[in-house]
Amino acid sequence: MTQLSVKHLLGIKDLKEEDIQLIFETADNFKTIINRPIKKVPSLRDITVANLFFENSTRTRISFELAQKRLSADVINFSSSSSSVSKGETLIDTVRNILSMKVDMVVMRHPSPGACVFLAKHIDATILNAGDGTHEHPTQALLDAYSIKEATGGVTGKKVAIIGDILHSRVALSNIYCLQKLGAEVMVCGPSTLIPRHIEQLGVKVEHDLRKALEWCDVANMLRIQFERQDIKYFPSLREYSMQYGLTLDILNSIDKDITIMHPGPINRGVEITSEVADSDYSIILDQVENGVAIRMACMFLLAKHKE
Ligand code: CP
């Protein structure tokens, strides 16, 4: 397989296992390239990409922009807070205006689930979802699975626990789809108020006890509490949450095996994970960030090739 089966990257749900493997093989090549003294290749030289961020981002926005620059694309950055969206312009009008300036590819983060699917139906450019509300964050899941492969030798047969606020997390859903397509077993762990009802229908195990989840897994992906998406209180206090679900070095050291610790960021140190764990040898958090650039280069390169 040399081409992706999809024209847009809207979610992991739409990808086949072979698509993910192709993205990983392509990312391997780009990872070699970006570690050389000359890090730039001309692969997207004639492509213009617009990064449309309707929601805050640090890692994803910078990682996409760096990936585009490494591929020699022309880049336009848009953030809704400093745009005419605040004057009442609709999403479709905003994007159509940007596209009339001959943009080929759109990377979009938006607070509404399905915003990228909507856009793909109405405009001609290639769309990459950089996170749509509580729905999907496909490049995060791809870089997470790629980092698990790199750290542990493979994803197939691995036991991965996703721990924290599953209810409001797009990272959790995309990770579940991606890891299962690659043959991993997935568990979600957190208080019952932060676990979506019927999630076991996706084929995941559900656990409410952090220690039991850690004893089961090879890899623990710690998620933050997404206060910005919560309209009611889901647990009595942050202190109580961190006492029950906060990952400490004491808990890790008391378990009779090494577990790979991940976090998509942003980290709330002292809540879902202590600094001691985040900065320990168990943690591959900064490897995830590094791998994000190669994964995003691979996605954009392969989607541009699909359009040729
Ligand atoms: N992991 C992630 O999506 O981080 P940002 O919100 O900073 O992009």
Side-chain angles (χ1 to χ4, degrees), residues 9-13 23 27 49-70 75 77-82 106-116 127-148 150-151 160 162-179 188 190 194 219-230 247 260-269 271-273 277-279 283-300:
L9 182 59
L10 303 176
I12 300 289
K13 195 175 183 187
I23 292 168
V49 190
N51 297 316
L52 310 185
F53 279 74
F54 293 86
E55 216 186 49
N56 293 343
S57 168
T58 301
R59 278 146 294 270
T60 313
R61 189 174 53 77
I62 291 174
S63 177
F64 263 114
E65 189 175 344
L66 192 58
Q68 290 147 9
K69 288 180 170 164
R70 297 280 187 252
V75 182
N77 288 312
F78 163 96
S79 113
S80 58
S81 54
S82 56
V106 173
V107 173
M108 184 167 83
R109 171 167 288 191
H110 200 279
S112 301
C116 294
I127 313 291
L128 288 96
N129 181 359
D132 59 332
T134 53
H135 178 223
E136 281 228 39
H137 192 348
T139 55
Q140 181 69 46
L142 290 165
L143 73 89
D144 288 344
Y146 185 84
S147 302
I148 292 173
E150 187 181 69
V160 183
I162 306 173
I163 298 165
D165 182 358
I166 313 297
L167 185 67
H168 301 97
S169 173
R170 52 192 173 215
V171 174
L173 187 60
S174 287
N175 261 268
I176 290 168
Y177 290 139
C178 190
L179 293 166
V188 292
L194 291 178
V219 178
N221 195 353
M222 305 304 297
L223 304 183
R224 77 184 168 90
I225 303 293
Q226 308 228 349
F227 286 112
E228 71 276 24
R229 300 191 204 287
Q230 297 186 4
L247 186 58
T260 301
I261 304 301
M262 306 175 68
H263 195 307
I267 296 175
N268 284 327
R269 288 174 182 260
V271 180
E272 69 275 9
I273 190 168
V277 177
D279 303 331
S283 163
I284 59 163
I285 295 171
L286 291 180
D287 300 319
Q288 291 172 255
V289 178
E290 183 188 341
N291 288 333
V293 178
I295 284 288
R296 291 178 173 117
M297 287 173 83
C299 292
M300 289 186 286

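Numbers for residues simply follow the sequence, beginning at 1. All ligand and atom numbering here is 1-based and tracks the order in the structure.
Closer than 4.0 angstrom to ligand 1 lie heavy atoms from Ser57, Thr58, Arg59, Thr60, Arg109, His137, Gln140, Pro264, Gly265.
Under a 3.5 Å cut-off, the side chain of Arg224 and the backbone N or O of Ile267 do not form any donor-acceptor pair. When atom types are taken as modelled, the side chain of Ser112 and the backbone of Ala115 share no donor-acceptor pair closer than 3.5 angstrom.
In this structure Arg61 satisfies the side-chain contact (heavy atoms from CB on, under 4.5 Å) test together with Phe53, Ser57, sequence neighbours excluded.
Within a 6.0 Å sphere centred on CG of Asn56, other residues, nucleotides and ligands contribute 12 heavy atoms or fewer.
Just one residue in the list Leu128, Val75, Thr60 forms a side-chain contact (heavy atoms from CB on, under 4.5 Å) with Asn51, and that residue is Val75. Considering Glu136, Met108, Arg109 as possible partners of Asn129, the one that fulfils the side-chain contact (heavy atoms from CB on, under 4.5 Å) test is Glu136.
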